[in-house]
Student: 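Here it is, the structure, as structure tokens.
Proteins get letters first, then strands, A, B, ... in listed order; numbering begins at 1 in each. Both backbone and side-chain heavy atoms feed into the values below; hydrogens, waters and symmetry mates do not.
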Number of protein chains: 2
Amino acid sequence: MALEHAILVSLLEKPGSGYELARRFERSIGYFWTATHQQIYRVLGRMEGAGLLHVREVPQRGRPDKKEYAVAARGRAALTAWLHEPIEPESVRHELAVKIRGAAFDDPAALISEVERHRKAHDDRLGRYLTGELRDFTGPEAPRPLDAGGELQHAVLRGGIAYERMTIAWLDDVLDTLHRLRTATPRT
Amino acid sequence: MALEHAILVSLLEKPGSGYELARRFERSIGYFWTATHQQIYRVLGRMEGAGLLHVREVPQRGRPDKKEYAVAARGRAALTAWLHEPIEPESVRHELAVKIRGAAFDDPAALISEVERHRKAHDDRLGRYLTGELRDFTGPEAPRPLDAGGELQHAVLRGGIAYERMTIAWLDDVLDTLHRLRTATPRT
DNA sequence: TAGCACATGTAAGGGGTTACATGATTGC
DNA sequence: GCAATCATGTAACCCCTTACATGTGCTA
């Protein structure tokens, strides 16, 4: 159900089309939730049917027409209700960790390049987050003082930054372990 | 598909029944993957049908009989093949972050108790991880030197510990932000 | 003329959650 | 007598991923 709520939050921050939402989910919303355009279109249709959203057809020149969605009163009420319900603390799902533990039954050294690839992907993502932080929150172009929405967006982004830094440090630790296993304990 | 691989890793570490697997997924495997018993039984049935696992009926006194699963040659081959395939670096899914950003459209202060509850849940989990680390890897009872499997399990656990510590620090940051918003920028 | 950005969808299949269902033994 | 632990499952439903499908206009 969280995709619905993420869409409500994003459309409250700024109305937009399914296509635009898909791009936001690749960027800022992506700090905490991901979704593909296929999923988004389906859920938008369902939410409109349930009266949570308004649609407005926007004709465009030189581009296909788009449907601009905005949150209806009922959608806002649904979000408020959800905000007041407790949710369960989530646990992680980390496929790479399954591989790391599985490496004991194969060649641990063979995992090194895969872990390095992941490390690089997280490092790139960290770079994008830091650039965004400077642009939107801490740089000279950023609005000051920030309103409540901005403060909360920044707090969530700081979470994304902390997550990427932690992950990079952990992957360095894993690489260290894999290198030590290669030199110290050759497999039988 | 990762549940299958997590089950293969766990059964290679030690064969066991669906029930036992479900308990491991609440504990050690839970550092990086979760699954309920319903899911596990369904997947075990499918994997046995595909010849990835052997089953052995174990009669027990005073307890229901159990089916003990072990990895078959074909299962081991499937794991090896998967270990050599690259996987996509994952992104986070964090429902609480959706709520934090959504709080801008409600009362941010109303989220404080929810965030505190999550902080406590992560703190408890950190405590369990640290206890487990002492018992299995760093305490006087731990086998020394560790074999490759032990080193890799420990590396994954260190990742779980780092994740919980990072999350707790971030939630403290969020709580700070929510308190500041309460005193500094009352909503209109 | 090839590729990218814009724009919206359908269909199939597998993954995951929640609710329902049963039944024995052990400990309080 | 009641709750917890051990033990295994089915059914319904929604979520998510992957592949397929279409079409315009701009730019290199």
Side-chain angles (χ1 to χ4, degrees), chain A residues 1-7 15-27 29-30 32-50 53 55-69 82 85 87-95 98, chain B residues 1-7 15-27 29-30 32-50 52-53 55-69 78 82 85 87-95 98:
Chain A
M1 279 296 158
L3 177 55
E4 271 192 28
H5 301 122
I7 287 176
S17 67
Y19 187 84
E20 283 160 359
L21 278 172
R23 298 199 59 218
R24 289 185 215 170
F25 272 84
E26 280 168 13
R27 295 161 164 272
I29 318 285
F32 53 83
W33 209 263
T34 55
T36 58
H37 76 273
Q38 293 92 328
Q39 242 182 305
I40 289 167
Y41 284 120
R42 188 151 33 91
V43 174
L44 282 174
R46 190 177 67 206
M47 288 171 78
E48 196 219 323
L53 303 177
V55 203
R56 199 166 59 93
E57 293 267 347
V58 180
Q60 300 189 112
R61 276 178 310 168
R63 287 182 189 181
D65 295 353
K66 66 175 181 180
K67 295 184 187 170
E68 194 176 78
Y69 289 91
W82 176 70
E85 265 169 38
I87 51 174
E88 281 307 299
E90 287 149 280
S91 12
V92 216
R93 292 242 161 134
H94 210 307
E95 231 180 329
V98 182
Chain B
M1 280 292 157
L3 177 55
E4 271 192 28
H5 302 122
I7 286 175
S17 68
Y19 187 84
E20 282 160 2
L21 278 172
R23 298 199 58 217
R24 289 186 215 169
F25 273 85
E26 280 169 12
R27 296 160 164 273
I29 318 286
F32 53 84
W33 209 265
T34 54
T36 58
H37 75 274
Q38 293 92 329
Q39 242 183 304
I40 290 167
Y41 284 119
R42 186 149 38 93
V43 174
L44 282 175
R46 188 177 68 208
M47 291 171 77
E48 196 219 322
L52 304 176
L53 303 178
V55 204
R56 198 166 59 94
E57 293 267 347
V58 180
Q60 299 190 114
R61 276 179 309 168
R63 286 181 190 182
D65 295 354
K66 66 175 181 179
K67 295 185 188 170
E68 195 177 76
Y69 290 92
W82 177 70
E85 266 170 36
I87 52 173
E88 281 308 299
E90 288 149 280
S91 13
V92 218
R93 292 240 161 135
H94 211 309
E95 231 180 327
V98 182

Student: Only counting residues at least two apart or in another chain, list the ones meeting side chain to side chain contact (heavy atoms under 4.5 Å, CB included) with A:E95.
Tutor: B:A2, B:W33, B:W82, B:I87, B:E90
Student: Starting from C1' on D:dT17, measure out to CD on A:E26 and report it in whole angstrom.
Tutor: 15 Å
Student: Under the side chain to side chain donor-acceptor pair (under 3.5 Å) test, which residues partner A:E20, sequence neighbours left out?
Tutor: A:K66
Student: Output all residues satisfying side chain to side chain contact (heavy atoms under 4.5 Å, CB included) with A:E4, sequence neighbours left out; order by chain, then residue number.
Tutor: A:M1, A:V43, A:R46, A:M47, A:L52
Student: Tell me the bend of the helix from C:dT1-D:dA28 to C:dC28-D:dG1 as the angle between end helix axes, each from five pairs, rounded to the nearest 10 degrees.
Tutor: 40°
Student: Write down the distance between CG (B:L44) and C1' (D:dA7), rounded to a whole number of angstrom.
Tutor: 13 Å
Student: Please list, chain by chain and in numerical order, all residues satisfying salt bridge (charged side-chain N to carboxylate O under 4.0 Å, His left out) with A:K67, sequence neighbours excluded.
Tutor: none
Student: Excluding sequence neighbours, so at least two apart, what forms side chain to side chain donor-acceptor pair (under 3.5 Å) with B:E26?
Tutor: none
Student: Which residues pass the side chain to side chain donor-acceptor pair (under 3.5 Å) test with B:R56, not counting sequence neighbours?
Tutor: B:E68
Student: With sequence neighbours excluded, what pairs up with A:Q38 under the side chain to side chain donor-acceptor pair (under 3.5 Å) test?
Tutor: A:T36
Student: Give the B/S/- string for nucleotides 12-19 of chain C, one per nucleotide from 5' to 3', where a protein heavy atom under 4.0 Å of the base yields B, of only the sugar-phosphate yields S, and otherwise -.
Tutor: --SSBBBB
Student: Could you state the atom-to-atom distance from CD of B:E68 to C1' of D:dT8 in whole Å?
Tutor: 15 Å
Student: Between C1' on D:dG9 and CD on B:E48, what's the gap in Å once rounded to a whole number?
Tutor: 14 Å
